[in-house]
Every structure is written in C-alpha cells, then in structure tokens.
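Comments concern the structure below.
Please read all numbers here as calculations on a predicted model, not as lab measurements. These values consider heavy atoms only, across backbone and side chains, with no hydrogens, waters or symmetry-generated copies.
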Amino acid sequence: QVQLAESGGGLVQAGGSLRLSCAASGRTFSNHAMGWFRQAPGKEREFVAAISGRRDDLSYADSVKGRFTISRDNAKNTVYLQMNSLKPEDTAVYYCAARSARLSSFTPSTYDYWGQGTQVTVSS
C-alpha cells in the first residue's frame, strides 16, 4: 500500500515559481516510478512529468519541458516538481501518482496510487 500527499500549491503570478512536494508512505519508495499529472476545469487529466525509481529516466510533457523539473529523494520518500516560469495555462489541480513498477509511464491508467491533488493558480 502506498499513500500519497501533495503540498506546495498556491497562487503565484505569471513568471513566478512553485515547488510541489509529494510525500509517500511505505519503505519501498524506490521501487515505484512517480508521476505528476494535472487537471484543469473542463479538461482531461494530462501528463506533466515522471521519474523512474532509480532516477535514470525523466519524462516531461512538451508544454512544460524546460520550465519544470521532477526529482525525488528516496531517503525521504518524497518526489518534487519544481515549476519555474509559470504561465496562466499551468493553472490546474496537480496530482502525484505512483506506479507499482520502476519504469516511468505517460498514461494515468498505469499508475496505481494517487494523491488528493493540490491547486496551482497562476495569475496574469
């Protein structure tokens, strides 16, 4: 069983930065690839970023590449999403997710555990 809890969301002006954190329960955190997804009102949940259990496989959506950075600290059972140069179109609820596998995935259905989400709002 894995339980996830996101934090770090909030209101920020365009061009600003936020760092999201996702704390996971369990002692086998490194066995799980982790992903960040987001969902804006009226839109489907979309892939943002993912990181493999060994940190050797990083993936980003084209819309955030070069602005967002995913990282993990397995000793702290925590995954992070550093978001820079934020744009109003980044506004969404951001969800942390964990797979029951080490390799990353782009597809929400391949993730087994989800956090409750944290709201990110970017004002112009």
Evaluate the side-chain contact (heavy atoms from CB on, under 4.5 Å) criterion for residues R72 and M34: first the C-alpha distance (whole Å), next the side-chain angles of each, then the deciding distance (0.1 Å), finally the verdict.
CA-CA 9 Å; R72 66 190 298 160; M34 303 294 295; 3.6 Å; yes

So which heavy atom on S21 is nearest to which on T78, and how close?
CB-CG2, 4.3 Å

Applying the 4.5 Å side-chain criterion to the ILVMFWY set and letting contacts propagate, would F68 and Y80 be lumped into a single cluster?
no

Is the count of non-hydrogen atoms from other residues, nucleotides or ligands lying under 6.0 Å from Q3 atom CD greater than 12?
no

Check L86 against R67 and note the closest heavy-atom contact, atom names and distance.
CA-NH1, 3.9 Å

Backbone N/O of V122 and side chain of T91: donor-acceptor pair under 3.5 Å:
yes

Is the ring pair Y113/H32 parallel, tilted or perpendicular, if the boundaries are 30 and 60 degrees?
perpendicular

Could you pull out the closest heavy-atom pair between V64 and V48, with the gap in Å?
CG2-O, 3.6 Å

Is there a donor in the side chain of N84 and an acceptor in the side chain of S17, or the other way round, less than 3.5 Å apart?
yes

Taking all atoms of both residues into account, what is the closest heavy-atom pair of A24 and L4, and its distance?
CB-CD2, 3.5 Å

Between Y95 and E6, is a side-chain contact (heavy atoms from CB on, under 4.5 Å) present by the stated rule, with each step listed?
CA-CA 7 Å; Y95 296 92; E6 304 96 332; 4.0 Å; yes

Does anything in residues 82-124 pair up under disulfide (SG to SG under 2.5 Å), and if so which pairs, sequence neighbours excluded?
C22-C96

Side chain T107, main chain S109, donor-acceptor under 3.5 Å:
no

Can you get from V93 to W36 by hopping between Ile, Leu, Val, Met, Phe, Trp and Tyr side chains that sit under 4.5 Å apart?
no

Would you say F106 ends up clustered with L103 if hydrophobic residues are merged whenever their side chains have heavy atoms under 4.5 Å apart, either directly or through other cluster members?
no

Note: D90-R38 ion pair, threshold 4.0 Å (strictly below)
yes

If only side-chain N and O atoms count, and only distance matters, is there a donor-acceptor pair under 3.5 Å linking Y111 with R99?
no

Taking every non-hydrogen atom, the tightest pair across F47 and Y60
CE2-C, 3.7 Å

Heavy-atom nearest pair, S30 first then N74, reads CB-ND2, 3.4 Å

Looking at CD of Q13 and OG of S124, how far apart are the two atoms once the value is rounded to the nearest 0.5 Å?
9.0 Å

What distance do D57 atom CG and R102 atom CZ have between them, rounded to the nearest 0.5 Å?
13.5 Å

In terms of heavy-atom contacts, does CD of Q116 have more than 12 from other residues, nucleotides or ligands at under 6.0 Å?
yes

Output the distance between atom OG1 (T69) and atom CE (M83), rounded to the nearest 0.5 Å.
11.0 Å

Just wondering, are more than 12 heavy atoms of other shown residues or ligands nearer than 6.0 Å to CD in E89?
yes

List the steps, then state whether side-chain contact (heavy atoms from CB on, under 4.5 Å) holds for T121 with V12.
CA-CA 6 Å; T121 302; V12 65; over 6 Å; no

I51 and V79, any side-chain heavy atoms less than 4.5 Å apart:
yes

With under 30° as parallel and over 60° as perpendicular, where do the rings of W114 and F37 fit, or are they tilted in between?
tilted

Roughly how far apart are S52 OG and L58 CG, rounded to 0.5 Å?
7.0 Å

